[in-house]
**Student:** 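Would you mind keeping the following structure in view while I ask a few things?
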There are 2 protein chains.
Amino acid sequence: MKKYKGKKKQVYLEEHSIAHLFSFSVEDFIEVHEYQRNDWIIQESMRPDFLFYVIEGKAKIYITHQNGKVSLINFINANEYIGEMELLHDVYYTKGIQASTKTICFALPIYYYRKQLLEDAKFLRELTKFLSVKATEMAAKYTQSLAFPLENRLADFILQTADQGVYKERHVTVCDYLGVSYRHLQHVLRQFCDKGYLNKEGRNYQIRQYHSLKELAQVLHN
Amino acid sequence: MKKYKGKKKQVYLEEHSIAHLFSFSVEDFIEVHEYQRNDWIIQESMRPDFLFYVIEGKAKIYITHQNGKVSLINFINANEYIGEMELLHDVYYTKGIQASTKTICFALPIYYYRKQLLEDAKFLRELTKFLSVKATEMAAKYTQSLAFPLENRLADFILQTADQGVYKERHVTVCDYLGVSYRHLQHVLRQFCDKGYLNKEGRNYQIRQYHSLKELAQVLHN
DNA sequence: CTCAAAATAAGAGATATCTCCTATTATTTC
DNA sequence: GAAATAATAGGAGATATCTCTTATTTTGAG
């Protein structure tokens with residue numbers, strides 16, 4: 001992890017101003033952090049000292065279960081908060097947050113800002129919306145995972161993450177995210193290829209029958 | 001559904017005052033609603049006109065999937081909000097909310113109060129906490145459902161809901177909640193009886209080996 | 001550039017969970 | 001209080017998903 005200082009810091013603060021998120025100034029103690037791919041922004045079970053706001057990059061929220069299984073709870077993208085649970089709650093089991101690309105965050109020291117933040121309607125309004133979306137998304141994922149087999153959920157995931165008709169997520173990540181074994185993921189991907197929905201090209205998969213995947217994915221959504 | 005008026009309404013408003021949740025008065029347009037067991041407080045996909053705050057009773061949040069499966073997303077208890085998603089978002093797929101016991105709610109007409117509510121730090125702070133807990137709970141349930149078989153999740157549920165050592169939830173409800181088939185739930189309950197963890201008494205189950213269930217449940221939690 | 005670690009690939013067999021079916025017993029409703 | 005509806009009970013067979021294993025390929029650190 002690197003902390004930006006001086007000129008570089010100023011440039012970031014100006015070009016990605018977050019002043020509109022608060023009704024008071026957070027400039028005094030704000031830091032700008034840069035994390036490399038695979039760096040841990042927050043380690044599991046270690047309470048962070050900052051409320052982070054992601055400016056660039058992408059990160060993953062992980063939890064490790066007692067049976068050794070690891071779940072990728074969700075992805076975090078630019079313009080999202082990290083550490084807001086700890087800001088709000090004194091008692092909270094902190095999840096691990098790992099950068100999956102180079103990630104730049106603003107970091108507000110909780111120690112200095114907590115009190116003010118919790119009294120700021122502007123900040124709270126946006127955080128409320130952010131959390132309500134999270135809660136809704138998690139509820140949707142939860143019920144979908146119980147109501148539909150991998151076939152449907154994977155089709156949805158492929159369509160969501162494919163870039164110009166090519167799906168290229170890493171299997172290990174996808175297993176943790178969709179909560180299935182590596183072996184089973186392979187099995188269903190193979191089926192998609194056999195049925196002609198996808199075409200395997202090395203590590204990537206070219207989408208061949210968009211409509212078939214769409215059909216499988218559609219039943220997840222209301 | 002009944003609306004309380006006059007004296008009865010006044011008594012409720014006084015005995016269960018929610019003035020501390022807001023920094024302005026919501027008395028002018030507030031209503032007091034009573035729902036019977038099995039009444040729908042909100043119908044799925046029908047946007048409600050009120051933000052509800054539950055005073056007494058218990059309700060269930062349902063969603064119906066396109067394949068006909070029904071998921072019981074969560075329970076709602078006293079001192080929780082209903083309809084907060086619709087307050088926050090103009091576009092939202094409304095879930096069904098059904099009273100599972102006689103339920104009394106305060107109902108704030110969104111039309112009148114929305115603007116003020118979204119500017120009230122006191123209200124927003126508590127709502128933020130409420131939603132953060134929801135999001136965390138849903139994330140936990142989601143990852144647990146993927147990482148552990150029914151055996152563990154059911155043990156946890158039994159311990160959470162048993163009353164004086166007796167488990168007496170309806171199977172149909174539990175299936176929807178834990179996202180498994182009726183048949184499978186029966187199967188695992190039977191196993192618990194065969195192993196001596198539970199003893200079936202008519203429709204109820206007496207807990208016989210608390211520690212065995214505890215052991216199964218414990219692995220879910222960090 | 002090299003070696004260790006991680007990711008991919010796939011077979012084989014186990015098991016968790018589902019679907020479909022048929023009875024029996026409670027609960028509601030008119 | 002009888003008839004309709006919902007809940008419970010369980011058999012039988014299917015399938016979605018997991019675990020374990022072994023081999024090959026790719027990636028990352030020094």
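Since this is a predicted model, take the numbers as computed values, not measurements. Chain letters run A, B, ... following the sequence lines, proteins first, then strands; residues in each count from 1.
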**Student:** Roughly how many Å is it from NE2 in A:His187 to C1' in C:dA14, rounded to a whole number?
**Tutor:** 15 Å
**Student:** To the nearest Å, how far apart are A:Asn152 CG and D:dT17 C1'?
**Tutor:** 15 Å
**Student:** Establish, with yes or no, whether the OP1 or OP2 oxygen of D:dA7 is under 4.0 angstrom from a side-chain nitrogen or oxygen of B:Tyr182.
**Tutor:** no
**Student:** With respect to the phosphate group of D:dT17, does any side-chain polar atom (N or O) of A:Lys69 fall under 4.0 Å of OP1 or OP2?
**Tutor:**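 Looking at the OP1 and OP2 atoms of D:dT17, neither is under 4.0 Å from any side-chain N or O of A:Lys69.
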**Student:** Return the value, rounded to whole Å, for the distance between atom CG of B:Asp39 and atom P of C:dT28.
**Tutor:** 13 Å
**Student:** Name the residue closer to the 5' end of DNA chain C, choosing between B:Asn38 and B:Gly179 according to the nucleotide with the nearest heavy atom.
**Tutor:**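 Whichever sits nearer the 5' end wins; that is B:Gly179.
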**Student:** Rounding to a whole Å, what distance do you find between B:Arg190:CZ and C:dT17:P?
**Tutor:** 18 Å
**Student:** Pick base, sugar-phosphate or nothing for B:His184, based on heavy-atom distances below 4.0 Å to the nucleic acid.
**Tutor:**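 Touches a base.
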**Student:** Taking only the side-chain nitrogens and oxygens of A:Lys200, find out if one of them lies under 4.0 Å from OP1 or OP2 of C:dA9.
**Tutor:** yes
**Student:** At under 4.0 Å, does any side-chain N or O of A:His171 touch on OP1 or OP2 of C:dA9?
**Tutor:** yes
**Student:** Classify the side chain of A:Arg37 versus the base of D:dG28 as yes if they form a donor-acceptor pair under 3.5 Å and no if they do not.
**Tutor:** no
**Student:** Using a strict 4.0 Å threshold on nitrogen-to-oxygen distance, state whether B:Glu151 and B:Lys195 make a salt bridge.
**Tutor:**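 Yes, this pair counts.
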**Student:** Using the closest heavy atom to pick a nucleotide of DNA chain D for each, name whichever of A:Arg203 or A:Pro149 lands nearer the 5' end.
**Tutor:**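 Closest to the 5' end, via its nearest nucleotide, is A:Pro149.
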**Student:** Between B:Glu34 and B:Lys2, is there a salt bridge with N-O shorter than 4.0 Å?
**Tutor:** yes
**Student:** Can you check the A:Gln144 CD to D:dA16 P distance for me, whole Å?
**Tutor:**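 Whole-Å distance recorded here is 18 Å.
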**Student:** Hey, does the Lys NZ or Arg CZ of B:Lys214 hover above the aromatic six-ring of B:Tyr210, less than 6.0 Å from the centre and inside 45° of the axis?
**Tutor:** no
**Student:** Rounded to the nearest 0.5 Å, what's the gap from NE2 on B:His211 to CG on B:Leu216? Could you check?
**Tutor:** 10.0 Å
**Student:** How many whole angstroms separate atom CG of A:Leu178 from atom P of D:dC18?
**Tutor:**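 Atom-to-atom, A:Leu178 to D:dC18, this comes out as 11 Å.
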**Student:** So which one's nearest nucleotide on DNA chain D is more toward 5', B:Arg183 or A:Ser181?
**Tutor:** B:Arg183
**Student:** Answer yes when B:Lys134 and B:Glu80 have at least one side-chain N-carboxylate O distance shorter than 4.0 Å, and no when they do not.
**Tutor:** yes
**Student:** Please report the distance, rounded to the nearest Å, between CD in A:Gln186 and C1' in C:dA9.
**Tutor:** 5 Å
**Student:** Write down the distance between CD (B:Gln191) and C1' (D:dG10), rounded to a whole number of angstrom.
**Tutor:** 14 Å
